[in-house]
Amino acid sequence: MTLPTLIIKPDTSTAPGQYRFKLQGIIDVDAIPSLPPLYDLSTQDQVELDFAAVQPVNSMGLAQLLKLFE
């Protein structure tokens with residue numbers, strides 16, 4: 001069993017319709033299994049992503065982020 005390269009921690013202190021997530025680790029092609037909670041959000045939701053604990057994002061990771069933001 002391999003550990004995820006990206007960990008997404010939700011902040012539970014936000015108001016309904018507002019979400020804050022702290023991302024930690026590496027965003028690359030191996031981060032795909034960690035992303036579904038972000039895909040489940042509505043386009044009406046207000047979302048803040050904290051990248052402070054993320055290592056540099058490689059090109060495959062950037063592609064995954066762009067797909068998420070579509």
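Residue numbers run from 1 in the order of the sequence given.
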Inset, instruction - Could you tell me which residues satisfy side chain to side chain contact (heavy atoms under 4.5 Å, CB included) with Ala53, sequence neighbours excluded, listed by chain and number? - result: Lys22, Gln24
Legend entry - Counterpart residues, side chain to side chain contact (heavy atoms under 4.5 Å, CB included), relative to Asp45 (two or more places apart): Tyr19, Leu41, Ser42, Val47
Legend entry - Test side-chain contact (heavy atoms from CB on, under 4.5 Å) applied to Leu49 and Ile8, step by step: CA-CA 9 Å; Leu49 302 175; Ile8 301 175; over 6 Å; no
Legend entry - Neighbour count above 12 (heavy atom, 6.0 Å) for Gln18 CD: yes
Inset, instruction - Could you pull out all residues at least two apart from Asp11 that satisfy salt bridge (Lys or Arg N to Asp or Glu O under 4.0 Å)? - result: Arg20
Inset, instruction - Supply the atom-to-atom distance Leu35 CG to Asp40 CG, rounded to the nearest 0.5 angstrom. - result: 11.0 Å
Legend entry - Separation between CG of Leu65 and CD1 of Ile27, rounded to the nearest 0.5 Å: 4.5 Å
Inset, instruction - List the atom of Ser34, the atom of Pro37, and the distance in Å for their closest heavy-atom pair. - result: O-CD, 3.3 Å
Legend entry - Least distance between heavy atoms, Leu6 atom then Ala31 atom: CB-CB, 3.8 Å
Inset, instruction - Among residues two or more places apart or on two chains, list those pairs meeting salt bridge (charged side-chain N to carboxylate O under 4.0 Å, His left out) that have a residue in residues 56-70. - result: none
Legend entry - Transitive ILVMFWY cluster of Val29, excluding itself - 4.5 Å side-chain cut-off: Ile32, Met60
Inset, instruction - Check the hydrophobic clustering (I, L, V, M, F, W, Y; side-chain heavy atoms under 4.5 Å; chains of links allowed) and say if Ile26 and Phe51 are grouped together. - result: no
Inset, instruction - Please list, chain by chain and in numerical order, all residues satisfying side-chain hydrogen bond (donor to acceptor under 3.5 Å, both in side chains) with Gln64, sequence neighbours excluded. - result: none
